[in-house]
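Following: one structure in structure tokens, then a few remarks.
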Amino acid sequence: MRRMDAFWLLVLGVALAAGLWMRPAEQHADSAAATAEPLLPGGLGSIAAVALERAGTVHGVTRDARGWHFDARLAAAHAGHDHDHEHDHDHEHEHEHEHEHEHEHEHEHEHEHEHEHEHEHEAIRKGLAMFAVATVERRFAPGDAGTAAYGIDERAPRIVVTLRDTAAPSLAWRLGARTPGGFGQYLLDERRGEVVVLPAYQVEHLERLLLPRP
């Protein structure tokens, strides 16, 4: 009987010890979940434009009634189309037959351009979707060391998000260094003056989308 009592006391002791050991881990998980916050509470639907300012240049995407497009590419496409139109107008009286042929070609070109724009819109939408769901892992004041301790200064690349709500101010973050583990990246939230940590792969994905390919 005494052996049975001792056995159950041992089992009870092990169970209590396991409960005490698990409790801090559970509390840590709850705490981490409580501090997590979306970088963009409104998600992709709240964004009107995104720009990356880097080394004196700006690369961005904008949403209009037709969808998403790259700013620089769209401007170049319009410039080329306008030049072709002016050239055709100067010679329409001399080459009516050629002009008709070119006009048909323009319609085909416009159709191809619309198809390319649809492809461009979908590529940008998918690319921004990952950044739009980014979650802030940590947020804290820079402290006495300042933002330089996190690889952030006035020359650092800058992400600017313009919201579709015109009454809302733009959001901006300066990019900093990687976290010691390499999986996170420091950014300075310019509006709140705080350092935030995002998953590094989400920042990399946005940079690949916005920066021109070599």
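- Atom OG1 of Thr147 sits about 9.5 Å away from atom CZ of Arg174, to the nearest 0.5 Å.
- In this structure, the side chains of Phe183 and Arg178 stay at 4.5 Å or more apart for every pair of heavy atoms.
- Heavy-atom minimum distance, Pro169 versus Arg191: CG-CD, 4.5 Å.
- Here Leu206 contributes atom CG and Leu52 contributes atom CG; the two are 7.0 Å apart, rounded to the nearest 0.5 Å.
- Ile159 and Tyr150 fall into different hydrophobic clusters, defined by Ile, Leu, Val, Met, Phe, Trp and Tyr side-chain heavy atoms under 4.5 Å apart, directly or through other members.
- Glu122 has its side chain out of reach of Glu118: every pair of non-hydrogen atoms, C-beta onward, lies at least 4.5 Å apart.
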Report the C-alpha separation of Val195 and Arg139 in whole Å, then their side-chain angles, then the decisive distance to 0.1 Å, and conclude whether the side-chain contact (heavy atoms from CB on, under 4.5 Å) test is met.
-> CA-CA 6 Å; Val195 175; Arg139 177 184 291 276; over 6 Å; no
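- Distance CD/Glu207 to CD/Gln185: 6.5 Å, rounded to 0.5 Å.
- In this structure the side chain of Leu171 never reaches within 4.5 angstrom of the side chain of Val160, judged on heavy atoms.
- In summary, Asp64 and Arg66 do not engage in a salt bridge, as defined by a charged side-chain N under 4.0 Å from a carboxylate O.
- In the hydrophobic cluster analysis, where Ile, Leu, Val, Met, Phe, Trp and Tyr join through side-chain heavy atoms closer than 4.5 angstrom, Leu44 is grouped together with Val61.
- Put simply, Ile47 and Val136 are part of the same group of oily side chains (I, L, V, M, F, W, Y) that touch within less than 4.5 Å, one to the next.
- Contact of the Val50 side chain with the Leu128 side chain is registered, since non-hydrogen atoms from C-beta on lie closer than 4.5 Å.
- The two residues Pro142 and Gly193 come nearest to each other via the heavy atoms CD-O, 3.5 Å.
- Within the model, atoms CD of Glu37 and CZ of Arg138 stand 13.0 Å from one another, a figure rounded to the nearest 0.5 Å.
- By the criterion of side-chain heavy atoms lying less than 4.5 angstrom apart, applied directly or through intervening Ile, Leu, Val, Met, Phe, Trp or Tyr residues, Trp68 is grouped together with Leu163 in one hydrophobic cluster.
- Contact annotation: the side chain of Glu137 approaches that of Pro199 to within less than 4.5 Å [non-hydrogen atoms, C-beta and beyond].
- Separating the CD1 atom in Ile124 from the NE2 atom in His119 is a distance of 10.0 Å, to the nearest 0.5 Å.
- Using a 4.5 Å heavy-atom threshold, the side chains of Arg158 and Glu190 count as touching.
- Contact of the His69 side chain with the Thr62 side chain is registered, since non-hydrogen atoms from C-beta on lie closer than 4.5 Å.
- In Arg54, the CZ atom is not crowded: 12 or fewer heavy atoms of neighbouring residues, nucleotides or ligands sit closer than 6.0 Å.
- Side-chain atoms of Val197 and Phe140, non-hydrogen and from C-beta on, do get closer than 4.5 Å to each other.
- For the pair Leu209 and Ala123, the tightest heavy-atom approach, listed with the atom from each and the gap, is CD1-O, 4.2 Å.
- Heavy atoms only, all atoms of each residue included: Gly67 and His121 are closest at CA-ND1, 3.4 Å.
- Here Leu210 contributes atom CG and His59 contributes atom NE2; the two are 8.5 Å apart, rounded to the nearest 0.5 Å.
- Under a hydrophobic clustering in which Ile, Leu, Val, Met, Phe, Trp and Tyr are joined whenever their side-chain heavy atoms come within less than 4.5 Å, directly or via other members, Phe131 and Leu211 fall into the same cluster.
- Put simply, the residue from Leu198, Val161, Val203 that forms a side-chain contact (heavy atoms from CB on, under 4.5 Å) with Trp173 is Val161.
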